[in-house]
Amino acid sequence: QREKRLAKIIADQILLLKKDKKEINILDYGSGFEPLVIRNILEYLKNDFYKININCCDYYTENQLKELKIEFGEKISFYSIKQLRAIDVRYDISICADVLHHVGVNNSTEIEKIINFLKSNSDFILIKDHYEFSLISRQILRFMDFIGNYYNNVNIPKNYFTKNSYKNLIKKLNLINYKEI
C-alpha cells in the first residue's frame with residue numbers, strides 16, 4: 001500500500017506541473033530492482049497523457065537490465081546510471097525517491113553531482129526523502145531502510161537529512177523548493 005499511496009501523491013504532482021501536455025518524459029533516478037512506485041505512477045497517469053515515456057536508472061548489471069526488459073516490455077525503459085548519461089533526453093519530471101540518503105547525506109559532492117545532472121536534464125525534479133529529527137527517529141529510519149532494502153544489498157545510511165541540511169542543499173544548488181509535502 002505504501003507504494004500505491006506514494007505513487008498517487010507523485011502522479012498528482014506531475015498532473016499539476018504538466019497538466020497541459022499530451023506527452024510526458026519521466027526519469028526515475030535510482031528506481032531500484034522492484035520499481036513498484038513508477039509502475040503505479042504509470043497506471044495513475046495512463047489516461048491523462050497521449051504518450052508517457054519513462055526511463056528508470058540505477059546500478060543495474062546487464063543481466064538485471066535483461067530481466068527488467070522481460071518483465072516490463074516496452075512500457076518502461078531501464079538503464080544503468082553510466083548508460084543514462086549518454087542518452088540525450090530532456091525530461092519533464094525527474095523523480096528521485098528515497099535515493100539521496102543512500103548516497104550518504106554527508107557525501108554532498110556526490111549528491112550535488114546527481115542533482116546537477118537531473119537539473120541540467122529536467123524541467124522539474126521531484127525529490128522524496130526523509131528527515132531525521134532525533135537519534136530515535138534516525139534509528140527508526142535506519143530500521144525501516146534495513147527492512148526495505150536488506151535483500152537488495154543497498155547501503156543503509158548512518159544518518160538522514162535534517163530540515164536544515166536539506167534546505168542548505170537546495171540553496172547551495174540554486175534550486176527553488178516549489179512545494180513541500
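Not measured: the values here are computed from a predicted model.
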inquiry  = Walk me through whether D145 and H101 qualify under side chain to side chain donor-acceptor pair (under 3.5 Å).
reply    = CA-CA 10 Å; D145 256 333; H101 62 267; 3.1 Å; yes

Under a single-linkage rule joining Ile, Leu, Val, Met, Phe, Trp and Tyr whose side-chain heavy atoms are separated by less than 4.5 Å, which residues share a cluster with [X]?
{"X": "I136", "answer": "I140, M144"}
{"X": "I9", "answer": "I181"}
{"X": "L36", "answer": "none"}

Give the table of side-chain donor-acceptor pairs shorter than 3.5 Å for residues 118-126, with sequence neighbours excluded, one pair per line with atom names and distance.
unit_1	atom_1	unit_2	atom_2	d
K119	NZ	L173	O	2.6
S120	OG	N116	O	3.3
S120	OG	F117	O	2.9
N121	ND2	F117	O	2.8
S122	OG	S94	OG	2.5
S122	OG	L118	O	2.7
D123	OD1	R90	NE	3.3
D123	OD1	R90	NH2	3.2
D123	OD2	K18	NZ	3.1

Hits for ring-ring contact (aromatic ring centres under 6.0 Å, His included) against Y44, two or more places apart or cross-chain, chain-then-number order -> none

For residues 125-135, the salt bridge (Lys or Arg N to Asp or Glu O under 4.0 Å) pairs (sequence neighbours left out) are D98-K128, E132-R138

Here the salt bridge (Lys or Arg N to Asp or Glu O under 4.0 Å) pairs for residues 52-67, sequence neighbours left out, are none

Just wondering, do [Y] and [X] contact through their side chains at under 4.5 Å, heavy atoms?
{"X": "I26", "Y": "I38", "result": "yes"}
{"X": "I127", "Y": "Y29", "result": "no"}
{"X": "F49", "Y": "K21", "result": "yes"}
{"X": "I115", "Y": "L100", "result": "yes"}

Would you tabulate the side-chain donor-acceptor contacts of residues 71-84 under 3.5 Å, counting partners in other chains and residues two or more places apart, or write 'none'?
unit_1	atom_1	unit_2	atom_2	d
E71	OE2	R39	NH2	2.7
S80	OG	Q83	N	3.3
Q83	OE1	S80	N	2.7

Correct closest heavy-atom pair for Y91 and N55 would be OH-ND2, 2.7 Å

In short, G30 meets V99 closest at the heavy-atom pair O-CG2, 3.5 Å

Check salt bridge (Lys or Arg N to Asp or Glu O under 4.0 Å) between [X] and all other residues, then give those that pass, not counting sequence neighbours.
{"X": "E23", "result": "none"}
{"X": "K4", "result": "none"}
{"X": "E3", "result": "none"}
{"X": "K171", "result": "none"}

Taken to the nearest 0.5 Å, the spacing of L15 CG from I24 CD1 works out to 7.5 Å

Rounded to the nearest 0.5 angstrom, the CD1-CZ distance for I10 and R5 is 13.0 Å

Give a yes or no on whether the backbone of F161 and the side-chain of S165 come within a donor-acceptor separation of less than 3.5 Å.
no

Next on the checklist: For the backbone of P157 and the side chain of R142, can you confirm whether one donor and one acceptor N or O come within less than 3.5 Å of each other?
Outcome noted: yes

Count the heavy atoms belonging to other residues, nucleotides or ligands that lie under 6.0 Å from CG of L16, then report whether that count exceeds 12.
-> yes

When you look at CZ of F143, are more than 12 heavy atoms from neighbouring residues, nucleotides or ligands closer to it than 6.0 Å?
no

